[in-house]
Amino acid sequence: SEKNYFENSLIILPEVILLKNGISKERFDTLRSISHSGSKEITYIGNIGLAQNLLLLCEAAQNIPKARFNIIGAGPELKLITKYVQKENIKNIFIYGKLDWEDILPIYAKSSILYAQLSRRFDIAMPSKIYEYLSTGKAIIYGGGGHAKSFLSSFENVNIIVPDDKNELENAINDMLENKTYLKKSKSNIDLIEKNYIREKSIANFYNYLEKKIN
C-alpha cells in the first residue's frame, strides 16, 4: 500500500523499492519449533488500542465459555477492556498486560488459535505480529481488509472475517473449534515465511540489488 502511494504521488520519483517487513531469523527459529498443545485457547498478542477494538473479543468470549482467551500487550485501551472483564465477571478471559518475549513463549505454546484485528479505518496497515503468528504454524483468525487480507489469502488455516463484527468472530471461533482445524500445525505457512519474510534475507537481497545497480 505504501509503495503504491509513493508511485502514484505527485512527486516524481525515479524508482520506488519495496523492502518487505517480516521477522528476524532468531525469532522465527524459536517460533517454528514451538509446541502445539491442541488446547482450546485463543490468544491475542500486540498493541491494545482503538485500531484493534479488543472489546469485541471480550464480548465474543462471553458466549464461548468452552474456550480460554488470552490478551497480551499494552496500550491506551488496556484499562477499558480490563474494567469490562471485571465488571462483566468474565471468567475465561486472562489479561496479562505487557510481557517480556521469554514470558510470551509458553502462552504461544499453549495457544491453538491466534487472533488479530484492524478496524476498517486502519486496514491500510499490515500488523507486524502476523509474521510471528504465521511462523508458529498455528490457526489464525484475522478481522480486517486491505493489504493484510490480501497477504493472508496466500496462507492456509487462516479465517479472514469482517472486522468489528461480533457474530462473525464468534462464528469463526466456533467453526475452528467444532471442525478441529485448530489442531493443525501448518508446515506450509512456516515454509512460506522462511522463504519470503526473513528480515536478514530481505536486507541481503537489497544489498545485492544495490551492488548490481552500482556496478
Side-chain angles (χ1 to χ4, degrees), residues 31-49 51-75 77-99 101 103-119 127 129-144 148-149 152 155-187 189-190:
L31 289 170
R32 77 182 301 182
S33 60
I34 212 159
S35 61
H36 193 59
S37 68
S39 62
K40 294 178 180 179
E41 290 202 26
I42 296 94
T43 296
Y44 171 84
I45 304 170
N47 186 50
I48 300 175
Q52 291 75 34
N53 187 17
L54 288 176
L55 199 58
L56 190 80
L57 184 65
C58 298
E59 291 170 348
Q62 289 177 279
N63 296 325
I64 311 176
K66 60 188 173 184
R68 173 185 169 119
F69 294 77
N70 305 309
I71 297 176
I72 301 168
E77 298 293 295
L78 178 58
K79 285 184 180 179
L80 175 69
I81 65 165
T82 301
K83 284 182 180 179
Y84 180 83
V85 169
Q86 291 171 347
K87 179 184 175 184
E88 297 294 323
N89 195 28
I90 309 173
K91 300 294 187 182
N92 61 332
I93 295 181
F94 298 83
I95 300 173
Y96 291 86
K98 186 175 176 61
L99 294 179
W101 169 244
D103 296 322
I104 293 174
L105 293 175
I107 301 172
Y108 258 132
K110 290 192 302 177
S111 305
S112 294
I113 300 172
L114 302 172
Y115 170 73
Q117 174 175 264
L118 281 180
S119 294
K129 192 61 62 176
I130 290 293
Y131 299 102
E132 270 192 23
Y133 283 7
L134 290 164
S135 298
T136 68
K138 294 174 185 280
I140 295 171
I141 295 174
Y142 179 72
K149 179 180 179 180
L152 284 167
F155 295 86
E156 64 179 14
N157 211 14
V158 177
N159 197 331
I160 302 170
I161 61 174
V162 174
D164 305 314
D165 188 316
K166 185 170 71 75
N167 290 333
E168 282 254 340
L169 178 55
E170 287 181 21
N171 290 338
I173 294 170
N174 284 322
D175 181 66
M176 281 190 162
L177 295 178
E178 289 167 10
N179 292 314
K180 300 189 183 302
T181 53
Y182 71 98
L183 296 173
K184 180 181 179 181
K185 183 170 181 175
S186 172
K187 183 179 182 299
N189 288 354
I190 295 171

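Position 1 is the first residue of the sequence, and the numbers go up from there. Being a predicted model, the structure only gives us computed values, none of them experimental.
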Straight-line distance of [X] [atom1] to [Y] [atom2], nearest 0.5 Å:
X	Y	atom1	atom2	answer
I140	L152	CD1	CG	6.5 Å
I64	N174	CD1	CG	4.5 Å
E59	I90	CD	CD1	8.5 Å
N171	E178	CG	CD	9.5 Å
R68	I113	CZ	CD1	14.5 Å

Item to complete: Compute whether any side-chain donor of one residue and acceptor of the other, for D175 and N179, lie under 3.5 angstrom apart.
Response: yes
Worksheet item: Strictly by modelled atom types, are E77 and Y84 linked by a side-chain donor-acceptor pair under 3.5 Å?
Response: no
Discussion item. Counting only heavy atoms not in K83 (residues, nucleotides, ligands), do more than 12 fall under 6.0 Å from its NZ?
Written reply: no
Fill in: Neighbour count above 12 (heavy atom, 6.0 Å) for K185 NZ
yes
Worksheet entry | Stepwise side-chain contact (heavy atoms from CB on, under 4.5 Å) test for Y108 and L114 | CA-CA 9 Å; Y108 258 132; L114 302 172; 3.8 Å; yes
Report yes if the side chains of [X] and [Y] come closer than 4.5 Å at any heavy-atom pair, otherwise no.
X	Y	answer
I81	L57	no
R32	T136	no
I130	F155	no
I107	L99	yes

Show the nearest heavy-atom pair for residues [X] and [Y], with the distance to one decimal.
X	Y	result
N92	A61	ND2-O, 3.1 Å
M176	Y182	O-CD2, 3.2 Å
L177	A67	CD1-CB, 4.2 Å
S111	N70	OG-ND2, 4.1 Å
C58	I93	CA-CD1, 3.4 Å
Y133	I45	OH-N, 3.0 Å

Worksheet item: Looking only at atom types and distance, does a side-chain atom of K66 sit under 3.5 Å from a main-chain N or O of K40, one as donor and one as acceptor?
Response: no
Discussion item. Please check: side-chain N/O of Y115 versus main-chain N/O of G143, any donor-acceptor pairing under 3.5 Å?
Written reply: no
Worksheet entry | Identified side chain to side chain contact (heavy atoms under 4.5 Å, CB included) counterpart of S135 within the set I34, N189, L31 | L31
Worksheet entry | Trace of the side-chain contact (heavy atoms from CB on, under 4.5 Å) decision for I95 with L78 | CA-CA 9 Å; I95 300 173; L78 178 58; 3.7 Å; yes
Under 3.5 Å, which donor-acceptor pairs do the side chains of residues 158-167 form with other protein atoms, sequence neighbours left out?
residue, atom, partner, partner atom, Å
D164, OD1, N53, ND2, 2.8
D164, OD1, Q117, NE2, 3.4
D164, OD1, S119, OG, 2.9
D164, OD2, S119, OG, 3.2
D165, OD1, N167, N, 3.1
D165, OD1, E168, N, 3.0
K166, NZ, E170, OE2, 3.0

Worksheet entry | Partners passing side-chain contact (heavy atoms from CB on, under 4.5 Å) against S39 (at least two apart in sequence or in another chain) | S37, E41, S112
